[in-house]
J.: 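Handing you this structure, nothing more for now.
A note on names: the letters A, B, ... follow the listed sequences, proteins ahead of strands, and every chain is numbered from 1. Source: prediction; values computed, not measured.
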Number of protein chains: 2
Amino acid sequence: MAYVAYVNYNIRSVCERKKMAHKPRSEMIAETRAKLVAAARHAFGTAGYADASMDDFTAAAGLTRGALYHHFGDKKGLLEAVIAEIDAEMGARLHIVAGNAPTRWEGFVAECIAYIEMALEPEIQRIVLRDGPAVLGDPSAWPNQNACIRSMAENLQRLTEEGTIVATDPEAVSRLINGAMLHASLWIANAPDPEATSKKAVHALKTLLEGLLVRNRSPG
Amino acid sequence: MAYVAYVNYNIRSVCERKKMAHKPRSEMIAETRAKLVAAARHAFGTAGYADASMDDFTAAAGLTRGALYHHFGDKKGLLEAVIAEIDAEMGARLHIVAGNAPTRWEGFVAECIAYIEMALEPEIQRIVLRDGPAVLGDPSAWPNQNACIRSMAENLQRLTEEGTIVATDPEAVSRLINGAMLHASLWIANAPDPEATSKKAVHALKTLLEGLLVRNRSPG
DNA sequence: CTAATTTACATACGCCTCGTATATCAGAGG
DNA sequence: CCTCTGATATACGAGGCGTATGTAAATTAG
């Protein structure tokens with residue numbers, strides 16, 4: 001018995017989608033995943049993870065929660081996918097910035113500043129910096145390990161080897177700096193005058209970073 | 001009509017509480033609030049804010065959600081109260097640490113290290129560092145403004161005036177350092193070997209901080 | 001000292017959200 | 001052509017939260 005109503009099933013929507021595209025199945029699936037990720041990204045970025053209703057944003061993507069559970073397991077799984085996407089974009093942007101600098105050190109500083117600027121974007125701030133850690137735990141344990149951090153740690157490693165900066169554990173320093181930048185972004189974004197605050201933060205960060213330069217340190 | 005069942009009301013629990021104590025009303029209220037905050041603090045600290053059921057932890061405190069809504073408005077309000085309590089404790093602990101140091105600079109460094117250690121405690125980490133920002137937004141905009149940050153900013157102000165450290169905006173530097181420490185704590189807490197990681201982080205932090213000392217900087 | 005009012009809390013109800021179980025259909029492959 | 005697997009939709013149940021409402025104790029008024 002039961003489920004009599006299934007006679008009306010989803011005939012309409014399925015037919016519509018059939019008419020629209022005759023792509024191979026794998027493409028349709030990729031498209032579905034992309035649609036879900038995009039819709040979730042928007043919802044998470046504006047309403048926040050907790051207040052984003054799965055029913056709502058799957059519907060906005062022209063789908064239902066059924067598709068979501070099939071592809072991502074649960075809401076957290078979808079958040080992971082969204083964060084992975086954003087993180088990849090961030091990594092790519094930082095890579096470009098670092099590559100355009102004349103020296104390694106300057107590249108590093110430019111990367112830091114670019115990171116702060118990116119972290120000012122509301123979507124990144126909300127999803128990656130606030131909800132991400134709350135829902136998924138410590139970012140340093142995430143699978144991607146934040147492409148950003150790895151890139152910075154590598155730079156620091158080389159700078160240390162070159163003798164440009166004082167000897168420290170590169171990973172430790174990169175995590176400290178990353179945390180500093182992240183917090184700075186939250187501060188800037190919520191400040192009454194973000195522009196001025198940003199200048200103060202960038203200046204302070206440069207001061208802090210320059211303390212690492214060997215040429216700035218007197219033997220002592 | 002309706003609400004017929006109210007005849008049985010809460011006679012039992014009320015009578016029990018009446019027998020137990022004949023304190024003035026204000027004390028009873030304070031006790032209720034304290035019980036709720038304590039129960040919530042435990043639940044938030046172990047299960048996390050999102051997974052802590054209001055029905056469950058109010059019941060654990062011998063109360064119902066009615067009391068909670070009356071005193072704190074909603075779940076967020078209770079979280080605010082919990083965080084305020086924890087923040088006050090942290091501030092007091094830091095104050096003591098700083099006061100025991102021979103010089104202002106050493107006090108500042110000691111405070112930083114103590115902060116990292118505190119932030120390793122699971123309850124603080126979960127409630128203040130992860131769920132807090134996700135639910136209540138940027139910590140720098142919280143009412144208490146994090147007693148910790150203010151204290152550090154004051155120290156930096158004085159150190160700058162004394163000429164001990166290079167001139168920067170004290171608030172900016174304190175926020176950067178605060179973010180660095182916070183992130184370091186998350187990293188340490190989730191590292192496979194927290195002890196060793198902690199040493200690395202503290203060493204790196206000291207290196208970073210010492211870069212601010214005027215006596216370490218060569219004129220450049 | 002009694003009556004009115006306020007305050008502190010408990011209960012009931014409804015909406016919404018999530019997760020799981022089930023149903024259906026479209027393609028892929030034999 | 002038939003079967004089987006995979007992609008998606010629907011139905012159902014369990015909780016969680018917020019609000020509206022109820023009650024009794026404490027306080028204040030007269």
J.: Taking for each residue the nucleotide of DNA chain D with the nearest heavy atom, is it Arg65(A) or Gly73(B) whose nucleotide lies nearer the 5' end?
T.: Arg65(A)

J.: Under 4.0 Å between a side-chain nitrogen and a carboxylate oxygen: does that hold for Lys199(A) and Glu195(A)?
T.: no

J.: Name the atoms and distances for all side-chain donor-acceptor pairs under 3.5 Å in residues 179-187 of chain B, with sequence neighbours left out.
T.:
residue: His183(B); atom: NE2; partner: Asn178(A); partner atom: ND2; Å: 3.2
residue: Ser185(B); atom: OG; partner: Ile116(B); partner atom: O; Å: 3.2
residue: Ser185(B); atom: OG; partner: Met181(B); partner atom: O; Å: 3.1

J.: Quick one: Leu68(A) CG to dT10(D) C1', roughly how many Å, whole number?
T.: 15 Å

J.: Could you say whether Gly66(A) or Asp55(A) is positioned toward the 5' end of DNA chain C, judged by the nucleotide with the nearest heavy atom to each?
T.: Asp55(A)

J.: Measure the spacing between CZ of Arg126(A) and CG of Asp131(A) and express it to the nearest 0.5 Å.
T.: 4.5 Å

J.: Whole-Å distance between dA8(C) C1' and Glu31(B) CD?
T.: 14 Å

J.: Which part of the nucleic acid, if any, lies within contact of Ala50(A), taking any heavy atom under 4.0 Å across all strands shown: a base, the sugar-phosphate backbone alone, or nothing?
T.: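 Touches nothing.
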
J.: Could you tell me how far apart Tyr49(A) (OH) and dT17(C) (C1') are, to the nearest whole angstrom?
T.: 12 Å

J.: Rounded to the nearest Å, what distance is computed from the CE atom of residue Met54(A) to the P atom of nucleotide dT8(D)?
T.: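 It is 15 Å, rounded to the nearest whole Å.
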
J.: For Asp51(B) and dT17(C), give me the distance from atom CG to atom C1', rounded to whole Å.
T.: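 To the nearest whole Å, that distance equals 14 Å.
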
J.: Between His70(A) (NE2) and dG6(D) (C1'), how many Å, whole number?
T.: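 So the NE2-C1' distance, His70(A) to dG6(D), works out to 6 Å.
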
J.: For DNA chain C, determine which residues of residues 75-82 of chain A have any heavy atom closer than 4.0 angstrom to one of its atoms, and list them numerically.
T.: Lys75(A)

J.: Please verify the inter-ring angle class for Phe57(B) with Phe44(B); under 30° counts as parallel, over 60° as perpendicular, anything in between as tilted.
T.: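 Aromatic pair Phe57(B)/Phe44(B) classed perpendicular.
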
J.: Any side-chain heavy atom of Ile86(B) sitting closer than 4.5 Å to one from Ile124(B)?
T.: yes

J.: Can you tell me which nucleotide in dT17(C), dG18(D), dT8(D) comes closest to the side chain of Asp74(B)?
T.: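 Nearest listed nucleotide: dG18(D).
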
J.: At what distance, to the nearest 0.5 angstrom, does CZ of Arg93(A) lie from CE of Met118(A)?
T.: 5.5 Å

J.: Whether the side chain of Lys75(B) engages the backbone of Tyr49(B) through a donor-acceptor N/O pair (distance < 3.5 Å, no angle test) should be reported.
T.: yes

J.: Taking only side-chain N and O atoms of Thr32(B), does any of them lie within less than 4.0 angstrom of OP1 or OP2 on dA8(C)?
T.: no

J.: Which nucleotide, dT8(D), dT17(C), dT11(C), lies nearest any side-chain atom of Thr64(B)?
T.: dT11(C)

J.: Rounded off to whole Å, could you give me the CD1-to-P distance for the Ile29(A) and dT8(D) pair?
T.: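 Nearest whole value for this atom pair: 6 Å.
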
J.: For the pair made of CG in Leu63(B) and P in dA8(C), what is the distance, rounded to whole Å?
T.: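 Spelled out: CG on Leu63(B) to P on dA8(C) is 13 Å.
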
